[in-house]
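These numbers were taken from a predicted model, which means no experiment stands behind them.
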Amino acid sequence: MTATVTTRSTSRSTALRRAGSMARWVLQVFLAVQIASGGVLKLIGDARMVDLFTDIGVGQWLRYLVGVCEVAAAVGLLVPRLAALAALSLSGLMAGAVVTNLLIGVNPAMPAAFLLVAGVIVYSRRTQLRPLVTRTR
């Protein structure tokens, strides 16, 4: 009787882990596609992006820098070993985007939503970040 219970609970926990892993990958792919498309628009000089970075007032070099960072983070989200670090980096980038959008009077809802999704990914992959932190000490 206990073998059946143990097998059921083991298979249930395996199924939950598998479902959690799939949900995390769905979030990562969704975020990677969204961020990569924004990064590409910045890099190719989409008129909306040029106008946005003109409003920021720092210069168009920042558009290129942000575009490269977004594309790199999107690629990193799809590489299992880099996903946690990419999501953490993207969290910083999106926090900056939220603040910048507020300062120039643009609705910060989209970068705030991306920040939330990146934060969920960082939290769900937090065990991957521990070795990076302990190596630097």
Side-chain angles (χ1 to χ4, degrees):
M1 181 75 167
T2 56
T4 305
V5 172
T6 305
T7 304
R8 283 184 187 165
S9 66
T10 303
S11 64
R12 186 176 298 147
S13 66
T14 302
L16 284 174
R17 265 185 300 199
R18 189 172 296 149
S21 179
M22 288 188 63
R24 182 175 51 223
W25 276 106
V26 167
L27 280 178
Q28 285 175 216
V29 170
F30 167 77
L31 188 59
V33 168
Q34 294 297 314
I35 294 299
S37 65
V40 168
L41 287 175
K42 288 171 182 72
L43 292 174
I44 65 172
D46 181 69
R48 292 172 295 169
M49 295 299 160
V50 171
D51 292 344
L52 176 67
F53 280 83
T54 299
D55 291 344
I56 293 171
V58 178
Q60 292 301 309
W61 66 270
L62 183 61
R63 176 174 53 91
Y64 290 110
L65 177 64
V66 171
V68 167
C69 289
E70 287 180 349
V71 170
V75 171
L77 284 170
L78 301 176
V79 178
R81 288 183 147 214
L82 300 176
L85 190 58
L88 184 62
S89 301
L90 194 55
S91 296
L93 191 63
M94 290 299 107
V98 167
V99 170
T100 302
N101 284 1
L102 287 170
L103 291 175
I104 64 171
V106 175
N107 185 351
M110 191 66 69
F114 293 157
L115 173 60
L116 179 65
V117 173
V120 168
I121 294 167
V122 169
Y123 182 77
S124 70
R125 291 192 171 272
R126 65 192 177 276
T127 56
Q128 292 178 340
L129 293 173
R130 286 192 183 117
L132 297 174
V133 173
T134 55
R135 258 188 241 156
T136 59
R137 289 184 183 174

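Note: the hydrophobic cluster containing V75 does not contain L31 (ILVMFWY, side chain heavy atoms under 4.5 Å, direct or indirect links). Put simply, V68 and M49 are part of the same group of oily side chains (I, L, V, M, F, W, Y) that touch within less than 4.5 Å, one to the next. In terms of hydrophobic clustering, with Ile, Leu, Val, Met, Phe, Trp and Tyr side chains grouped at heavy-atom distances under 4.5 Å, V33 and V26 are assigned to different clusters. Cluster annotation: Y123 and L116 are assigned to distinct hydrophobic clusters (Ile/Leu/Val/Met/Phe/Trp/Tyr, side-chain heavy-atom contacts under 4.5 Å, transitive).
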Donor-acceptor pairs under 3.5 Å, side chain of residues 99-109 to any protein atom, not counting sequence neighbours: which ones?
unit_1	atom_1	unit_2	atom_2	d
T100	OG1	G96	O	2.8
N107	OD1	A109	N	3.0

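Across L90 and A73, no two heavy atoms sit closer than the pair CD1-CB, 4.0 Å. In terms of heavy atoms, S91 sits closest to L115 at O-CD1, 3.3 Å. Between G38 and E70, the closest heavy-atom pair is C-OE1, 3.3 Å. Residues P111 and V98 come closest through the heavy atom pair C-CG2, 3.8 Å. Closest heavy-atom contact between R125 and P80: NH1-O, 4.0 Å. When all heavy atoms are compared, the tightest approach of L129 to L85 is CD2-N, 3.9 Å.
When only modelled atom types and interatomic distance are considered, T54 and Q60 share a side-chain donor-acceptor pair under 3.5 Å.
The shortest side-chain heavy-atom distance between F114 and L93 does not fall under the 4.5 Å cut-off.
Atom SG of C69 is separated from atom CG of L62 by 9.0 Å, given to the nearest 0.5 angstrom. Here CZ of R63 is found 10.5 Å from CG of L41. Values are rounded to the nearest 0.5 Å. Going from atom CG of L78 over to atom CD of Q28 covers 7.5 Å, rounded to the nearest 0.5 Å. Note that the CD atom of Q128 and the CZ atom of R81 stand 9.5 Å from one another [nearest 0.5 Å].
At least one cation-pi condition fails for R18 and W25: the charged atom is not both under 6.0 angstrom from the six-membered ring centre and inside a 45 degree cone around its axis.
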